[in-house]
Undergrad: 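Below: one structure in structure tokens.
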Amino acid sequence: MSQSNPAFVTGASGFIGRHLIRRLLARGRTVLALCRQPQDLEDIRDPRLDIVAGTLEEMHTYEHYLNSDVSVFHLAARRNIPGSQAEDYPRVNHE
């Protein structure tokens with residue numbers, strides 16, 4: 001797979017996601033960033049960055065971006081925070 005192929009990043013606004021996006025852009029990659037709140041990435045401005053508003057559970061928001069040319073960096077994870085359901089952890093973090 002070529003370094004020029006698009007990268008799809010889940011968990012884009014997280015600590016690691018933000019650093020990864022900047023690094024991919026610096027290397028000339030086009031980045032599709034899945035983010036629940038797109039305004040969280042407003043400080044990263046680049047014409048090769050496309051912010052996709054949505055969550056992992058909302059596949060209709062991003063599934064058309066996924067094809068054999070896209071590299072996927074899955075950084076999103078369900079954490080143990082109030083309101084989280086234990087049965088969501090394997091589905092979101094693994095499946």
Side-chain angles (χ1 to χ4, degrees):
M1 189 168 295
S2 168
Q3 285 291 343
S4 63
N5 289 2
F8 182 78
V9 180
T10 69
S13 64
F15 179 77
I16 297 172
R18 298 174 68 75
H19 287 286
L20 177 61
I21 288 170
R22 286 189 173 105
R23 185 70 170 194
L24 291 166
L25 292 170
R27 290 181 170 216
R29 300 279 296 268
T30 297
V31 178
L32 308 164
L34 181 64
C35 185
R36 281 177 284 175
Q37 301 194 16
Q39 66 271 18
D40 291 348
L41 294 175
E42 285 180 351
D43 62 311
I44 304 176
R45 298 190 187 271
D46 191 291
R48 290 165 293 137
L49 174 62
D50 186 8
I51 300 171
V52 180
T55 66
L56 288 174
E57 291 89 357
E58 301 168 326
M59 285 189 69
H60 67 277
T61 63
Y62 63 86
E63 65 187 345
H64 59 277
Y65 291 105
L66 303 178
N67 62 56
S68 61
D69 293 332
V70 176
S71 301
V72 176
F73 295 86
H74 179 41
L75 304 176
R78 180 72 66 196
R79 299 177 303 161
N80 187 11
I81 56 175
S84 292
Q85 303 296 318
E87 59 271 8
D88 287 343
Y89 300 147
R91 182 176 48 79
V92 173
N93 298 343
H94 175 70
E95 296 169 14

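Numbering starts at 1 and runs along the sequence shown.
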Undergrad: Ignoring hydrogens and geometry, is there a side-chain-to-backbone donor-acceptor pair from T10 to A76 under 3.5 Å?
TA: yes
Undergrad: Do you know which two heavy atoms are closest between E58 and T61, and how far apart they sit?
TA: O-OG1, 2.7 Å
Undergrad: Which heavy atom of A33 sits nearest to which heavy atom of L41, and what is that distance?
TA: CB-CD1, 4.0 Å
Undergrad: Carefully, step by step, assess Y62 and L32 under the rule side-chain contact (heavy atoms from CB on, under 4.5 Å).
TA: CA-CA 9 Å; Y62 63 86; L32 308 164; over 6 Å; no
Undergrad: Go through the steps for V9 and L24 under the test side-chain contact (heavy atoms from CB on, under 4.5 Å), then give the verdict.
TA: CA-CA 10 Å; V9 180; L24 291 166; 4.0 Å; yes
Undergrad: Measuring from atom CE of M59 to atom CG of L66, what distance do you get when rounded to the nearest 0.5 angstrom?
TA: 7.0 Å
Undergrad: Is a side-chain donor or acceptor of R22 paired with a backbone partner of I44 at a separation under 3.5 angstrom?
TA: no
Undergrad: Considering non-hydrogen atoms only, spot the tightest contact between I51 and P38 and give its length.
TA: CG2-CB, 3.6 Å
Undergrad: Look at the side chain of N5 and the backbone N and O of D69, then say whether any donor-acceptor pair between them is shorter than 3.5 Å.
TA: yes
Undergrad: Using every non-hydrogen atom in the two residues, find where C35 and D40 come nearest and quote the distance to one decimal.
TA: SG-CB, 4.4 Å
Undergrad: Is there a side-chain contact between L34 and Y65 (heavy atoms, below 4.5 Å)?
TA: no
Undergrad: Any idea which heavy atoms bring H64 and H60 closest together, and the distance?
TA: ND1-O, 4.0 Å
Undergrad: So, taking the atom named CZ in R27 and the one named CZ in R48, what distance separates them when rounded to the nearest 0.5 Å?
TA: 12.5 Å
Undergrad: State whether R18 and D43 are salt-bridged, where the test is any N-O pair (Lys NZ or Arg NE/NH1/NH2 against Asp/Glu carboxylate O) under 4.0 Å.
TA: yes
